Amino acid sequence: MDAQAKSLNSTADREIVIERVFDAPRTLVWEAWTNPEHVAKWWGPNGFSTTIKKMDFRVGGAWKLTMHGPDGTDYPNSSVFREIVAPERIVFSHGGGREGGPGAHFLSTWTFEALGEKTRVTMHLLFDTPEDRDLVIREFGAYEGGKQTLARLADYLAKA
């Protein structure tokens with residue numbers, strides 16, 4: 001592939017990719033991610049709590065939650081599951097929660113790679129435009145928030 005064609009196919013300027021290796025088997029990480037009772041206990045950045053309103057974990061199923069910020073601000077989220085390959089991959093389209101909310105639309109792909117008794121989780125967010133990605137990083141701290149969310153999952157798994 002020549003440089004120009006490669007450049008045209010690259011999505012790097014529209015992506016956020018965050019990866020972490022968990023000291024837990026893949027089946028446990030999968031359970032923590034897919035069971036709403038568990039998700040409510042670790043989802044979101046530091047200081048946030050989460051209320052799961054609906055988590056219809058099947059292809060085409062809706063996922064609605066509200067993240068409660070430490071300052072009292074609520075952040076409603078609405079997504080639809082697009083692909084589920086247990087225990088390897090989850091894809092959902094995030095449509096945001098606030099009507100007309102900026103840059104809230106993205107495709108989220110989570111992969112779960114077994115590494116013996118550990119698990120590598122990769123969170124890949126693909127936005128429509130580089131501007132949308134940059135906006136959620138700037139306005140919502142999406143990159144740091146994603147890292148904190150994975151750290152909270154690690155803490156939760158350590159207690160399991």
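Here the structure is a predicted model, which means the values were calculated and not measured.
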Contact check, side chains of [X] and [Y], non-hydrogen atoms, under 4.5 Å:
| X | Y | value |
| --- | --- | --- |
| K64 | S78 | yes |
| L125 | V17 | no |
| M123 | E19 | no |
| S108 | V91 | no |
| T66 | K53 | yes |
| R20 | V121 | no |
| V136 | R138 | no |
| W43 | M67 | yes |

Ignoring hydrogens, what is the shortest heavy-atom contact between [X] and [Y]? Give both atom names and the distance.
| X | Y | answer |
| --- | --- | --- |
| W42 | Y156 | CD1-CD2, 3.8 Å |
| A40 | I52 | CB-CG1, 3.9 Å |
| D128 | R14 | O-CD, 3.3 Å |
| A32 | V39 | O-CG2, 3.4 Å |
| P45 | R152 | O-NH1, 3.1 Å |

Problem set entry | R133 bridged to E15 by N-O distance under 4.0 Å |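 A salt bridge is absent here (no side-chain N lies under 4.0 Å from a carboxylate O).
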Exercise. With a 4.0 Å cut-off, would you call D56 and R58 a salt bridge?
Worked result: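 Yes, charged N to carboxylate O under 4.0 Å.
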Please list, one pair per line, the donor and acceptor atoms closer than 3.5 Å that link side chains of residues 21-30 to other protein atoms, with sequence neighbours excluded.
unit_1: R26; atom_1: NH1; unit_2: F112; atom_2: O; d: 3.0

Gap separating the [atom1] atom of [X] from the [atom2] atom of [Y], nearest 0.5 angstrom:
| X | Y | atom1 | atom2 | answer |
| --- | --- | --- | --- | --- |
| T51 | N77 | OG1 | CG | 11.5 Å |
| F127 | I137 | CZ | CD1 | 7.0 Å |
| W63 | F92 | CH2 | CZ | 4.5 Å |
| D134 | E139 | CG | CD | 11.0 Å |
| E113 | K118 | CD | NZ | 13.5 Å |
| D155 | Q148 | CG | CD | 11.5 Å |

For this session: Name the orientation class of the two ring planes belonging to F57 and W33 (parallel below 30°, tilted from 30 to 60°, perpendicular beyond 60°).
Result: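 Tilted: the ring planes of F57 and W33 meet at 30° to 60°.
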If two hydrophobic side chains count as joined below 4.5 Å and joins carry through other members, does [X] share a cluster with [Y]?
| X | Y | result |
| --- | --- | --- |
| L107 | I18 | no |
| L126 | Y143 | no |
| I90 | M55 | yes |
| F140 | F48 | yes |
| L150 | I16 | yes |

Could you tell me if [Y] and [X] have a donor-acceptor pair between their side chains, going purely by distance under 3.5 Å?
| X | Y | answer |
| --- | --- | --- |
| H105 | D132 | no |
| T50 | H68 | no |
| S93 | R82 | yes |

Exercise. Does E131 have any salt bridge (Lys or Arg N to Asp or Glu O under 4.0 Å) partners at least two apart in sequence or in another chain, and if so, which?
Worked result: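 Checked E131 against salt bridge (Lys or Arg N to Asp or Glu O under 4.0 Å); zero matches.
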